[in-house]
*Asks:* 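One structure coming up, written as structure tokens, with questions to follow.
Naming convention: chains lettered A, B, ... in sequence-line order (proteins, then strands); numbering from 1 in each chain. Computation of the quantities below employed the complete heavy-atom set of this structure, encompassing side-chain atoms and omitting hydrogens, waters and symmetry-equivalent molecules.
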There are 2 protein chains.
Amino acid sequence: MSTMNDVALRAGVSLKTVSRVVNGEPSVSEQTRQKVNAAIAELDFRPNSVARNLRTGRIDVVGLVLPQLSQPYFSSLAEAIMREAERHGLTVLIELTDGDAEAEMALVREHGPHLGGLLMYPVGLSDAEARTVAGIVPTVFMSERAYDAPVDRVAMANREGVRALVGHMVSLGYTRIAALGADHSDLPERSAAHLRLDGYRDGLRDAGLPCLPELVIDVHPQWSRQLGAAGVRRLIERGTSFDAVVAFADALALGALHAVQEAGLRIPAEVAVAGFDDTDEAGYSYPSLTSVAPGTAQIAREALALLNDRMNDAAAQPAERLVVADFELMVRESTLGGTAAWGGA
Amino acid sequence: MSTMNDVALRAGVSLKTVSRVVNGEPSVSEQTRQKVNAAIAELDFRPNSVARNLRTGRIDVVGLVLPQLSQPYFSSLAEAIMREAERHGLTVLIELTDGDAEAEMALVREHGPHLGGLLMYPVGLSDAEARTVAGIVPTVFMSERAYDAPVDRVAMANREGVRALVGHMVSLGYTRIAALGADHSDLPERSAAHLRLDGYRDGLRDAGLPCLPELVIDVHPQWSRQLGAAGVRRLIERGTSFDAVVAFADALALGALHAVQEAGLRIPAEVAVAGFDDTDEAGYSYPSLTSVAPGTAQIAREALALLNDRMNDAAAQPAERLVVADFELMVRESTLGGTAAWGGA
DNA sequence: TAATTCTTTGACAACGATGAATCTCGGTGC
DNA sequence: GCACCGAGATTCATCGTTGTCAAAGAATTA
């Protein structure tokens, strides 16, 4: 590897002048600039970002803290964020917590101080911990839940999305619409589960339909395919009549698809099913799954915009900004029937 | 952030002594060591890895170059690699190429020189380029294809895996077994598509069955669900009789599931289907999908072991090591029927 | 013409750590 | 009693950049 010094020697100028050219600073004559650029090209010089970071203190690496990567929603979120970060000249360092609240804090404490910024999908963070995190490094949360802390946050339209989904079901003539994915355990007030359940109630109210307790299916502790299938099986076994399932996550919905078909019911003729997240699989399941696309690209864009602001001057920004991404209803076979919709998102 | 200097001042020793304690070097008296450790704890000091990297030249960041992240195989591979890297004290920096051959080289040229090592899933790399990459940074390829270059490589048992899959079909009584995912375009000699097709032929030969050209379905340019479904539809439209589909990737198999069911055929009673990769979805599709698990955890383990070796002393290692991971056949409903297998991997 | 400004460039220190070389000092051997 | 040794600690230079300050020369002004 050649260094700035090599370039300087080759171009016959001082090291500092090379630095100026590399950083596009003004007050370098056109002639000198060309000489230096030629030398840079000849030596295939690339600035050593480690040395630069050390000197400037500004670090162009941002951490991305996620529970896991193997779940489609997270991997596509990560992908969107990486693409967006590139546009900002930032490098993304992914860290996995396995959804473990302690690991979250441990990671932040360990790596936070040496990161330029942090994008975090918090799972078990308390308000106090959120404040601590924000004190260590410029942070943006990607979270359903609000924190009592001076942190920016990007959220998806949980409530509105499910509300629209219910509206869609109603418009197609379904009236006994089950909600799959409620959670009445000790979840925090404004968790995704609660917000989505609120959206479900909103949708029913919009349509003048009653909210029947027997159609609200609890799923605990996680929104997985197995538990989704299990929830629907319970519903069927109890003999509760229903003609639609609004699942609070695609994983649940895929489980529901399975359980419904297993019971010999046709989708969507006898039962319509819809999910939330619009993961890749939604477009390719059998039948393909109607789902709410939570605007992942927009989430990535906004999160990086917020973070970049804050990295550039931490103090000046208003303390606690919130961006809610737009959602889009992706209608597919599981509510509409036909096969035309299959194979695409 | 406190620095070593702060710690030194606090402990009343020299900066270098702190360095010794932090790095666990000998020739520090027990008494001094305790004083220093106390100071470290009091100040919550953490060594600045940027400065350390600059000074030592040894970088504990390894790049992981992948085509994408949103595809389940890659995200679970990435996850496995990150966990494994942690055990080696290494940090993983993921870079995405979108499967673009030029982007691969551009990324390596750009970041390679400042990385400690590189794990790469190459897509469009030529032998010459592979040599170039290896010259820039210690590299391990995770690749089906062999390269004429002094690089270590970790591969999966492409050929053996498909062979076992065909054997499984045969043992269940299927005889007209289609191969889904051949590619007779200008792919390199030892690509995954070719190796898996070889495995298919092996399996038929093992069973004394003929390899019928009309049962070999080309899929090009990529192994996606749509193209998988399209391939099976072609087969059905041509009126070719078949009773099993061995797909060279889960994505293809999921498309096949769809196309087969769409045609009103029952799985596995009339047609059995199996895939390759054992992605999460395989366990949860309808019906659940028999698949070859390529030993991702082992791949991650071996890749990091090889890379670590090479990072520690580049020259000493034998030039071109190859590790082939063990595979495992995950039998599920799509070949075996029943529902017992559903829901788990 | 001399004084002043502006433009372009360079010398030097510093970021926070580590490697090499050096120093100190109590303990040995003769 | 003197040279020698080695463990334990220190000093100094250095990794590859960038920020600060100053210098040299060209251009402008009085």
*Asks:* So B:Asn53, base contact, sugar-phosphate only, or nothing? Heavy-atom distance under 4.0 Å.
*Replies:* nothing
*Asks:* Please work out if B:Ser49 contacts a base, only the sugar-phosphate, or nothing of the nucleic acid, heavy-atom cut-off 4.0 Å.
*Replies:* nothing
*Asks:* Would you give a per-nucleotide map of nucleotides 20-26 of chain C, 5' to 3', where B means the base has a protein non-hydrogen atom under 4.0 Å away, S means only the sugar-phosphate does, and - means neither?
*Replies:* BB-----
*Asks:* Hey, does A:Val13 reach any base, or is it just sugar-phosphate, or nothing, if we go heavy atoms under 4.0 Å?
*Replies:* sugar-phosphate
*Asks:* Take the protein atom CG of B:Asn5 and the nucleotide atom C1' of C:dT18, then report the distance between them rounded to whole Å.
*Replies:* 14 Å
*Asks:* Assess, by modelled atom type and distance only, whether the side chains of A:Ser29 and A:Gln31 contain a donor and an acceptor separated by less than 3.5 Å.
*Replies:* no
*Asks:* How many Å lie between CZ on A:Arg52 and P on C:dA17, as a whole number?
*Replies:* 21 Å
*Asks:* How close do B:Thr132 and B:Arg109 get, heavy atom to heavy atom, and via which atoms?
*Replies:* CG2-NH1, 4.1 Å
*Asks:* Does A:Val22 reach a base, just sugar-phosphate, or nothing at all? Heavy atoms under 4.0 Å.
*Replies:* nothing
*Asks:* Parallel under 30°, tilted from 30 to 60°, perpendicular over 60°: which one fits the rings of B:Tyr121 and B:Tyr73?
*Replies:* perpendicular
*Asks:* With a 4.0 Å cutoff (strictly under), does any side-chain N or O of A:Ser27 reach OP1 or OP2 of C:dT9?
*Replies:* no
*Asks:* Give the minimum heavy-atom separation between B:Arg321 and B:Asp309, together with the two atoms involved.
*Replies:* NH1-OD2, 3.1 Å
*Asks:* Quick check: are there more than 12 heavy atoms from other residues, nucleotides or ligands sitting under 6.0 Å from CD of B:Glu42?
*Replies:* yes
*Asks:* Could you give the start and end, 5' to 3', of the contact zone on DNA chain D for chain B, using atoms under 4.0 Å from its heavy atoms?
*Replies:* D:dG8 to D:dG16
*Asks:* So does B:Thr3 get a side-chain nitrogen or oxygen closer than 4.0 Å to the phosphate oxygens (OP1/OP2) of C:dG16?
*Replies:* no
*Asks:* Would you say A:Thr17 places a side-chain N or O within less than 4.0 Å of OP1 or OP2 belonging to C:dG10?
*Replies:* yes
*Asks:* Considering only heavy atoms from C-beta outward, does the side chain of A:Glu86 approach that of B:Leu96 to under 4.5 Å?
*Replies:* no
*Asks:* Where do B:Leu69 and B:Ala78 come nearest, in terms of heavy atoms and distance?
*Replies:* CD1-CB, 4.0 Å
*Asks:* Below 4.0 angstrom from OP1 or OP2 of C:dT18, is there any side-chain N or O of B:Ser19?
*Replies:* yes
*Asks:* In whole Å, I'd like the distance from the CG atom of A:Leu54 to the P atom of C:dA17.
*Replies:* 9 Å
*Asks:* Looking for any heavy atom pair under 4.0 Å, which part of the strands does A:Arg46 touch: base, sugar-phosphate only, or nothing?
*Replies:* sugar-phosphate
*Asks:* Given 3.5 Å as the limit, does a donor-acceptor pair link the side chain of A:Ser2 with the main chain of A:Leu43, or not?
*Replies:* yes
*Asks:* Using atom CG of A:Leu15 as one end and atom P of C:dA13 as the other, report the distance to the nearest whole Å.
*Replies:* 14 Å
*Asks:* Can you work out whether B:Val28 or B:Arg55 has the more 5'-proximal nearest nucleotide on DNA chain D?
*Replies:* B:Val28
*Asks:* Between A:Pro150 and A:Arg131, what is the shortest heavy-atom contact and its length?
*Replies:* CD-CG, 3.9 Å
*Asks:* For the residue pair A:Asp98 and B:Arg83, establish whether any side-chain heavy-atom pair is separated by less than 4.5 Å.
*Replies:* yes
*Asks:* Roughly, in whole Å, what's the span from CG in B:Leu43 to P in C:dG16?
*Replies:* 14 Å
*Asks:* Measure from the side chain of A:Ser29, starting at C-beta and using heavy atoms only, and say which of C:dC15, C:dT9, C:dG16 lies closest.
*Replies:* C:dT9
